[in-house]
Amino acid sequence: MSRMRTAGTTGALGTTTHGTAATDTAGTTRTAGTRTRRRRTELAAFLRSRRARVTPADVGMPPGLRRRTPGLRREEVAQLSGVGVTWYTWLEQGRPINASAQVLDAVARTLRLDAPEREHLYRLAEVPFTSTPVGLTRRIGPEVQGIIDAVDPLPAAVYNSRYDILATNPAYRDLFLVPRTVRAAVPNVLWALCTLPEELCPVVRLDVELPLMVATLRSAYGRHVGEPAWEEYIRGLAAESAHFARLWASGEVAPPGPRVKTFRHPGHPGLGEIHMTTQSLSIDGMPECRIVVYTPVDEEARAKSAVLREERQPMADELAAEIIRRWNTKNPAL
């Protein structure tokens with residue numbers, strides 16, 4: 001009797017366990033299936049709405065007679081996209097068919113989808129999305145400049161993902177001085193830190209900072225592999241800095257993020273080290289660009305920053321001129 005109860009308990013536990021697992025699996029499958037069906041329904045509606053807004057004239061086709069659709073016909077979209085009529089019809093009906101990135105790109109071009117719409121199409125079709133490579137932003141508008149000017153006395157700058165310096169505020173220029181030489185020769189903060197003489201470099205502990213910066217650069221580089229501007233930048237900096245070349249060869253990758261950085265102003269060695277926390281903020285409409293704001297970690301750092309503001313002229317101009325001279329001596333070809 002006892003053995004039967006034990007066996008029965010074991011059997012019941014086994015049955016329950018397997019039943020729960022089966023129920024969980026079935027529930028997960030049903031949920032995934034529901035999401036897939038919902039996504040296909042949304043895909044069908046999205047394609048129909050995008051097709052309806054493209055007229056034959058938009059794509060260089062005659063309007064034809066007896067046109068009942070407000071935009072292109074399905075067979076016209078298929079013809080212009082280089083796919084079969086049946087295949088496109090099934091895609092627009094939300095049937096379970098496989099679509100490649102190349103085919104979706106062709107459909108996107110025919111339907112004149114912009115970048116957000118193209119990404120939406122990929123998501124709905126469950127195809128991994130890769131954004132079209134675009135050149136990095138090299139200019140900013142007055143609105144963004146106004147933002148970084150407004151946070152003064154906190155140092156702030158705008159970088160793109162290659163560390164090009166797009167804009168700075170006065171407090172940033174007081175702290176770094178490097179941006180004062182942008183028009184002369186140093187438009188890139190990573191290039192400057194890798195090539196400036198140590199006694200003129202405002203960043204302390206480059207053995208810590210440079211590996212993080214290079215790893216962050218590599219993370220962005222993954223979106224630009226093979227682009228001439230990026231490849232030339234990497235080759236050029238590696239040729240100028242053996243340290244950068246070693247760091248780049250390590251293959252480390254890291255995202256941008258808040259960090260504590262230490263500075264030492266070349267024109268004020270008596271101030272000692274200034275510790276700042278960095279925070280990156282994205283900018284709408286400017287992909288791969290960020291506002292970086294530097295906040296003193298304590299009152300001591302805040303007081304030292306105030307000293308730099310009070311004595312920014314004429315010392316800053318004289319030191320900037322020295323940086324330009326020394327940098328051009330080291331990099332005569334640039």
Side-chain angles (χ1 to χ4, degrees), residues 16-135 137 161 219-220 222-225 255-256 281-290:
T16 301
T17 301
H18 290 301
T20 301
T23 301
D24 290 344
T25 301
T28 302
T29 302
R30 282 195 299 271
T31 300
T34 299
R35 290 175 179 171
T36 298
R37 287 191 296 273
R38 182 72 187 100
R39 189 177 288 110
R40 289 174 183 160
T41 300
E42 182 65 22
L43 172 63
F46 177 68
L47 287 173
R48 287 194 298 270
S49 68
R50 300 306 91 177
R51 176 167 60 86
R53 73 178 185 181
V54 182
T55 67
D58 290 334
V59 293
M61 298 179 66
L65 302 175
R66 300 179 182 177
R67 180 173 291 275
R68 294 178 295 177
T69 58
L72 295 177
R73 299 186 178 100
R74 284 174 176 167
E75 56 268 27
E76 291 169 338
V77 174
Q79 177 186 349
L80 292 168
S81 303
V83 300
V85 176
T86 300
W87 184 91
Y88 179 77
T89 299
W90 285 2
L91 179 69
E92 194 174 288
Q93 290 174 343
R95 296 199 188 187
I97 60 175
N98 293 324
S100 67
Q102 291 81 1
V103 170
L104 289 182
D105 278 345
V107 172
R109 286 192 296 270
T110 299
L111 298 180
R112 299 192 164 193
L113 303 186
D114 59 22
E117 290 172 331
R118 179 173 172 268
E119 181 175 358
H120 187 58
L121 172 64
Y122 269 64
R123 304 299 185 203
L124 294 177
E126 299 183 273
V127 173
F129 175 75
T130 302
S131 60
T132 302
V134 295
T137 300
S161 57
S219 179
R223 297 186 291 272
H224 300 276
V225 174
L281 310 171
S282 61
I283 307 172
D284 289 343
M286 295 180 65
E288 298 194 49
C289 290
R290 63 191 188 276

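Computed from heavy atoms alone, side chains included, the values below leave out hydrogens, waters and symmetry copies.
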List for me each residue that meets side-chain contact (heavy atoms from CB on, under 4.5 Å) alongside [X], sequence neighbours excluded, and say none if there are none.
| X | answer |
| --- | --- |
| Val127 | Ala101, Leu104, Tyr122, Ala125 |
| Val54 | Asp58, Val59, Leu72 |
| Glu92 | Leu47, Arg48, Arg51, Arg74, Tyr88 |

*Qualifying residues under side chain to side chain donor-acceptor pair (under 3.5 Å), relative to Arg123, sequence neighbours excluded*: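 Partners of Arg123 under the side chain to side chain donor-acceptor pair (under 3.5 Å) test: Glu119.
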*Residues two or more places apart in sequence or in another chain: which of them pass side chain to side chain donor-acceptor pair (under 3.5 Å) with Arg95?*
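Residues passing side chain to side chain donor-acceptor pair (under 3.5 Å) with Arg95: Gln93.
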*Counting only heavy atoms not in Trp90, do more than 12 sit closer than 6.0 Å to its CH2 atom?*
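12 or below, so no.
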_CG (Asn98) with more than 12 external heavy atoms under 6.0 Å_ =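 It does not: Asn98 CG has 12 such atoms or fewer within range.
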*Could you note down all residue pairs passing ring-ring contact (aromatic ring centres under 6.0 Å, His included) where residues 92-120 supplies at least one of them, sequence neighbours left out?*
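Those involving residues 92-120 are Phe46-His120.
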*Please walk me through it: do Asp105 and Arg118 pass side chain to side chain contact (heavy atoms under 4.5 Å, CB included)?*
CA-CA 8 Å; Asp105 278 345; Arg118 179 173 172 268; 2.9 Å; yes
Closest approach of [X] and [Y], non-hydrogen atoms and distance?
| X | Y | result |
| --- | --- | --- |
| Arg112 | Arg53 | O-NH2, 3.4 Å |
| Pro56 | Gly71 | CD-O, 4.4 Å |
| Ala106 | Ser81 | CB-O, 3.4 Å |

_If I take atom CG from residue Leu124 and atom CZ from residue Arg38, how far apart are they, to the nearest 0.5 angstrom?_
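The CG atom of Leu124 sits 9.5 Å away from the CZ atom of Arg38.
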*How many angstroms lie between atom CD1 of Ile97 and atom OG1 of Thr86, to the nearest 0.5 angstrom?*
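Result: 10.0 Å between the selected atoms.
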_If the test is side chain to side chain contact (heavy atoms under 4.5 Å, CB included), which one of Val77, Val107, Leu113 qualifies with Arg50?_
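Among the candidates, only Leu113 passes.
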